[in-house]
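Structure first, then comments.
Worth knowing before you read on, the calculation uses all heavy atoms, side chains too, and leaves out hydrogens, waters and symmetry mates. When a residue number appears, it is its place in the shown sequence, counting from 1.
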Amino acid sequence: MIVIGIDPGLATVGFGVIRTENGNITPISYGCIRTSANKQTPERLLEIFNEITSLLEKIQSRCYLSRKNYFSVRMSLMD
């Protein structure tokens, strides 16, 4: 089975692709998709979408994993 893991973000999206077979794990591909802070958010999201779509087309996987983003706000900033 081929598994794709994605670490989401707006500036940098990490990804890794592995193959599992007979208890063995083999790395296939890994890397980052980086977007420019000079671009507007919709442009950055489109760039990420296009890169992820291209990756998924190349690697026919049946399992996708994504890390959940957690955001926090410093309570001192809320006063």
Which pairs with one or both residues in residues 8-35 pass salt bridge (Lys or Arg N to Asp or Glu O under 4.0 Å), sequence neighbours excluded?
none
With sequence neighbours left out, what residues match Ser29 under side-chain contact (heavy atoms from CB on, under 4.5 Å)?
Phe15, Val17
Approximate separation, where rounding is to 0.5 Å, of Ile59 CD1 and Ile4 CD1:
5.0 Å
Okay, side chain of Ser54, backbone of Asn50: is any donor-acceptor separation there less than 3.5 Å?
no
Contacts satisfying salt bridge (Lys or Arg N to Asp or Glu O under 4.0 Å) that involve residues 43-55 (not counting sequence neighbours) are Lys39-Glu47
With the side chain counted from C-beta on, respond yes when Asp7 and Val13 share a heavy-atom pair under 4.5 Å apart, and no when they do not.
no
Run the side-chain contact (heavy atoms from CB on, under 4.5 Å) test against Ile18 and tell me which residues pass, sequence neighbours left out.
Val3, Thr20, Ile25
Grouping I, L, V, M, F, W and Y whenever their side-chain heavy atoms are under 4.5 Å apart, do Phe49 and Leu10 come out in a common cluster?
no
Rounded to the nearest 0.5 Å, what separates atom CD1 in Ile48 from atom OG1 in Thr12?
8.5 Å
Distance (rounded to the nearest 0.5 Å) between Thr35 OG1 and Leu45 CG
8.0 Å
Applying a strict under-4.5 Å side-chain criterion to I, L, V, M, F, W and Y, I'd like to know whether Tyr30 and Leu55 cluster together.
no
